Protein chains: 2
Amino acid sequence: MEIALNRTFAALSDPTRRAILSTLLKGPAKVTQLAKPFKVSLPAISKHIRYLEKAGLLNRTKNGREHWCQLNPGPMDEALGWLNNQKQFWENTLDSLEQFLEIQKKEKKNE
Amino acid sequence: MEIALNRTFAALSDPTRRAILSTLLKGPAKVTQLAKPFKVSLPAISKHIRYLEKAGLLNRTKNGREHWCQLNPGPMDEALGWLNNQKQFWENTLDSLEQFLEIQKKEKKNE
DNA sequence: CTAATAGTTAACCGATTGGTTAACTATTCT
DNA sequence: AGAATAGTTAACCAATCGGTTAACTATTAG
């Protein structure tokens, strides 16, 4: 899915959201627990959590008045897959730009 | 660097920019070459390229009136590193939320 | 010199982002 | 019932995004 990567990378582009994800690596957590390390307001964190939820990186389970948040690493694995695929190719592309421009010059001479 | 990841992930969150990066995997390219596959205007592509440049994912070399763009995979490698580090932990966190909530319940009973 | 080519910059637009405060809903505790 | 707790929703704000068209700069070709 193409559009999924958009949302995943966008979700990862914010340091607060990355920190929340890192916290969730240690296990499920409540919204207020997740909010505690940050100086921003609770509604701000609430928005970040909703954002992560929409990106499919976080699952929420309501238990009474508490919302338990759980990491869903699936989309991150997809993002990792995309990057690994890129890496596979960029490692083969070791020709420098200088070399490339030299080739261009020679081609031009010969026409 | 914390802020670098912000810009890297943000750069990767747009499909046009990801496509440009994929094109650059095959080697350096001029701005107009990069723009060709897309239906959007040249200034739009110009902006994307500048964005990638600011994120450090792309290097530009002017050769006469032509701007040659080259992939700089460094920041992508950093992003990949961050994701791989996450993965290392999320693979150890296989406990389901249901289990977790059970534990919470029992802890509550015993207090 | 003039025309074409390569690309950027400027000004604008609507939508989204990341934050705020205030008010609200829902659940639990006493 | 009343108070405290957990969290969301609403309304707002300034900044950024992704796109446009129009105008501009710089280089190359005829």
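Atoms considered below: every heavy atom in the structure, side chains included; atoms not considered: hydrogens, waters and symmetry mates. A, B, ... follow the sequence lines: proteins, then strands. Residue 1 opens every chain. Nothing here was measured: the structure is a model prediction, and the numbers come from that model.
Residue-level contact check: K30(A) touches the backbone only, with heavy atoms under 4.0 Å from sugar-phosphate atoms and none from bases.
With rounding to whole Å, K47(A) atom NZ is found 10 Å from dT16(C) atom C1'. Here dT8(C) presents its C1' atom at 12 Å from CD of E53(B), a figure rounded to the nearest Å. Atoms CD1 (I49(B)) and C1' (dT9(C)) sit 15 Å apart, rounded to a whole Å. In this structure, K62(B) atom NZ and dT28(D) atom P are separated by 13 Å, rounded to whole Å.
The heavy-atom pair separating L12(B) from R18(B) by the smallest distance is O-NH1, 2.7 Å. Across every non-hydrogen atom of H48(B) and I20(B), the tightest pair is CB-CD1, 4.1 Å. When all heavy atoms are compared, the tightest approach of A79(A) to L5(A) is CA-CD2, 3.7 Å.
Within the 3.5 Å criterion, the main-chain N or O of A11(B) finds a donor-acceptor partner in the side chain of R17(B). The main-chain N or O of A4(A) is found under 3.5 Å from a side-chain atom of T8(A) such that the two form a donor-acceptor pair. Q33(A) places a side-chain N or O within donor-acceptor distance of the main-chain N or O of K30(A), the cut-off being under 3.5 Å.
The shortest side-chain heavy-atom distance between Y51(B) and K54(B) does not fall under the 4.5 Å cut-off. Between N59(B) and N72(B) there is a side-chain heavy-atom pair separated by less than 4.5 Å.
Mapping G64(A) and Y51(A) onto DNA chain C by nearest heavy atom places Y51(A) closer to the 5' end of the strand.
The stretch residues 11-23 of chain B has no heavy atom under 4.0 Å from DNA chain C, so no residue of it qualifies as close. Of the residues in residues 37-44 of chain B, those with a non-hydrogen atom less than 4.0 angstrom from any atom of DNA chain D are V40(B), S41(B), P43(B), A44(B).
With dG18(C), dT8(D), dA4(C) as the candidates, the nucleotide lying closest to the side chain of R65(B) is dA4(C). Distance from the side chain of S46(A) is smallest for dT8(D) among the nucleotides dT17(C), dT8(D), dT20(C).
Of the side-chain N and O atoms in H48(B), one or more sit less than 4.0 angstrom from OP1 or OP2 of dG19(D).
Judged as a side chain to side chain contact (heavy atoms under 4.5 Å, CB included), and not counting sequence neighbours, the contacts of S22(B) are W82(A), Q86(A).
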